[in-house]
Amino acid sequence: TSGSVATSPIDSSDDAYSIPVSIGTPAQVLNLDLDTGSSDLWVFSSLTTASEVNGQNIYTPSKSSTSKLVSGATWKVKYGDESTSSGVVYTDKVTVGGITASSQAVEVAKTVSASFTSNSDIDGLIGMGFDSLNSAKPSAVPTFFDNIIGNLDSPVFTADLKHNKAGSYDFGVIDSSKYTGSLTYVAVDTDPGYWKFTSSGYGIGSAAFKSTSVVGIADTGTTLLYLDTAIVKAYYATVSGASNSATYGGWVFKCSATLPNFVFGVGSAKITIPGSYINYSPVTTGSSTCFGGLQDSTDIGINIFGDVALKAAFVVFDGSDTPRLGWASK
Ligand SMILES: O=C(CNCc1ccccc1)Nc1scc(-c2ccccc2)c1C(=O)NCc1ccccc1
């Protein structure tokens with residue numbers, strides 16, 4: 001089998017991208033954040049503390065004839081922004097892009113932190129990282145990708161994210177009409193469970209490309225691009241008036257600034273991120289100070305090729321016995 005699901009940015013800053021996911025019988029459709037940087041499928045639910053639900057769609061297991069409680073199983077996730085959620089585990093039928101996992105572990109939230117409550121556009125996450133990152137106890141549960149991979153024509157899913165418009169995630173097929181030129185594949189290190197790869201270097205604007213190994217993760221769930229201090233400083237040195245603001249917790253500049261393109265290497269291929277993608281958004285609504293889409297990864301401890309980078313490319317997440325990432329321009 002193969003399938004495709006449209007994915008749309010949740011707001012004009014492309015803060016996150018959601019997909020419709022059908023859960024249960026009859027289908028309950030929730031808008032989930034497909035997240036290659038984590039491995040829990042968790043949802044707002046009828047079990048979520050009422051005061052922590054604010055406009056999200058919820059999954060009600062008791063209304064599904066195919067739901068089953070996984071006795072004794074619990075889960076708890078915590079992300080880098082200190083956001084958290086936790087709860088219990090059911091299995092149920094889950095369909096994405098026409099592909100069904102008949103007994104998918106659905107992690108039902110009993111509690112979520114404030115940043116999830118305040119984001120009414122996201123009803124939960126569907127993790128597409130490796131199972132080692134899954135938080136369920138006493139034992140990890142497989143991701144949706146892991147459950148369907150054996151039925152896919154090809155053991156892959158692809159990401160075609162776009163700026164301010166709908167893109168798509170495809171499963172089991174590589175649609176060559178979605179990219180230009182050819183795909184360049186790089187090896188993935190699955191420890192500790194991210195889609196971790198080594199970029200071959202970077203270029204800033206029209207300056208010479210710098211060949212250097214940059215280890216990072218391909219993370220659809222992280223909004224921005226986070227790289228080493230030296231690269232980030234070199235980039236903003238070309239933006240007059242840019243500064244690394246303690247107030248705003250990162251690099252900021254005048255919203256009227258013209259930002260150079262940023263190129264990153266994948267093998268011998270080069271992916272160009274338009275400078276406009278790095279003019280991420282005003283620090284507060286209406287401000288003339290803008291927050292950069294390229295930020296420093298020092299405090300994170302890992303480089304993250306988030307949506308700012310991914311939306312400049314067509315990316316193949318190849319889950320074969322030798323996992324790898326394919327990159328192409330588009
Ligand atoms: O956690 C992820 C992927 N999930 C992102 C996500 C989605 C919805 C809601 C919350 C988070 N990616 C990774 S790998 C490593 C980190 C990290 C980031 C900062 C400090 C320590 C670890 C993150 C992560 O938390 N990404 C989201 C994020 C939030 C704030 C700042 C940067 C990145």
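- Residues satisfying the side chain to side chain contact (heavy atoms under 4.5 Å, CB included) test with Asn261, not counting sequence neighbours, are Thr272, Pro274.
- In this structure, Asp92 contributes its side chain and Ala105 its backbone to no donor-acceptor pair below 3.5 Å.
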Step by step, work out the side chain to side chain donor-acceptor pair (under 3.5 Å) result for Thr322 and Ser320. CA-CA 5 Å; Thr322 312; Ser320 61; 5.3 Å; no
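- Not one N or O on the side chain of Gln28 forms a donor-acceptor pair closer than 3.5 Å with the backbone of Val21.
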Could you walk me through whether Asp296 and Thr229 pass the side chain to side chain donor-acceptor pair (under 3.5 Å) check? CA-CA 5 Å; Asp296 192 317; Thr229 302; 2.7 Å; yes
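- Checking side-chain atoms of Glu52 against main-chain N and O of Ala50 turns up no donor-acceptor pair under 3.5 Å.
- Note: the hydrophobic cluster containing Leu310 does not contain Leu125 (ILVMFWY, side chain heavy atoms under 4.5 Å, direct or indirect links).
- Every side chain to side chain contact (heavy atoms under 4.5 Å, CB included) that Ser4 has, sequence neighbours left out, goes to Ser168, Asp170, Lys178.
- A side chain to side chain contact (heavy atoms under 4.5 Å, CB included) with Thr158 holds for exactly one of Val173, Val315, Ile174; it is Ile174.
- Note: Ser46 OG to Tyr59 OH = 8.5 Å, rounded to the nearest 0.5 Å.
- For the atom pair Ser132 OG and Asp191 CG, the distance stands at 7.5 Å (nearest 0.5 Å).
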Review item, side-chain donor-acceptor pairs of residues 238-258, under 3.5 Å, at least two apart:
| from | atom 1 | to | atom 2 | distance (Å) |
| --- | --- | --- | --- | --- |
| Thr238 | OG1 | Tyr235 | O | 2.6 |
| Ser245 | OG | Thr247 | N | 3.1 |
| Ser245 | OG | Tyr248 | N | 2.8 |

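- Side chains of Val96 and Phe144 form a contact here, defined as non-hydrogen atoms less than 4.5 Å apart.
- Between Lys330 and Asp160, at least one side-chain nitrogen of the basic residue sits less than 4.0 Å from a carboxylate oxygen of the acidic one, meeting the salt-bridge criterion.
- Side chain of Ser18 to backbone of Ile122: no donor-acceptor contact under 3.5 angstrom is found.
- Two residues are said to be in side-chain contact when any heavy atoms from C-beta on lie closer than 4.5 Å; Ile58 and Val43 fail this criterion.
- For Asp307 and Thr223, the side-chain atoms include no donor-acceptor pair closer than 3.5 Å.
- Within the structure, ring pair (Phe, Tyr, Trp, His ring centres under 6.0 Å) contacts touching residues 170-194 (residues at least two apart or in different chains) are Tyr179-Phe314.
- Using a distance-only test at 3.5 Å, with no hydrogens or angles considered, a donor-acceptor pair links the side chain of Asp123 to the main chain of Asn57.
- In this structure, the side chain to side chain contact (heavy atoms under 4.5 Å, CB included) partners of Pro20, at least two apart in sequence or on a different chain, are Val5, Val29, Asn31.
- Both Val283 and Leu259 are assigned to one and the same hydrophobic cluster, defined by single-linkage of ILVMFWY side chains at heavy-atom distances under 4.5 Å.
- Checking each of Leu152, Ile148, Thr100 against Thr1 for a side chain to side chain contact (heavy atoms under 4.5 Å, CB included) leaves exactly one that passes, namely Leu152.
- Residues meeting the ring-ring contact (aromatic ring centres under 6.0 Å, His included) test with Phe145, sequence neighbours left out: Phe157.
- The backbone N or O of Thr36 sits less than 3.5 Å from a side-chain atom of Thr220, completing a donor-acceptor pair.
- Side chain of Ser199 to main chain of Gly265: a donor-acceptor pair is present (N/O by atom type, distance under 3.5 Å, no hydrogens or angles).
- Here the two rings, on Phe305 and Trp195, have centers that are 6.0 Å apart or farther.
- Put simply, CG on Asn134 and OG on Ser38 are 9.5 Å apart, with the number rounded to the nearest 0.5 Å.
- Within a 6.0 Å radius of NZ in Lys196, other residues, nucleotides and ligands contribute more than 12 heavy atoms.
- Atom CG of Asp81 is surrounded by more than 12 heavy atoms from other residues, nucleotides or ligands within 6.0 Å.
- With a 6.0 Å cutoff to the six-membered ring centre and a 45° limit on the axis angle, Lys270 does not count as a cation-pi contact of Phe264.
- In this structure, Phe116 and Trp42 have perpendicular ring planes: the angle between them is above 60°, well past the 30° mark.
- Of the possible polar contacts, none joining the Asp219 side chain to the Gly306 backbone as a donor-acceptor pair under 3.5 Å is found.
- Cation-pi geometry between Lys311 and Tyr277 is satisfied (NZ or CZ under 6.0 Å from the ring centre, within 45° of the ring normal).
- Listed for the Asn303 side chain is a donor-acceptor partner under 3.5 Å among the backbone atoms of Asp228.
- Counting only distance, with no hydrogens or angles, the side chain of Tyr236 and the backbone of Leu294 share a donor-acceptor pair below 3.5 Å.
- Separation of atoms OH (Tyr90) and CD (Glu107) is listed at 13.5 Å; rounding is to 0.5 Å.
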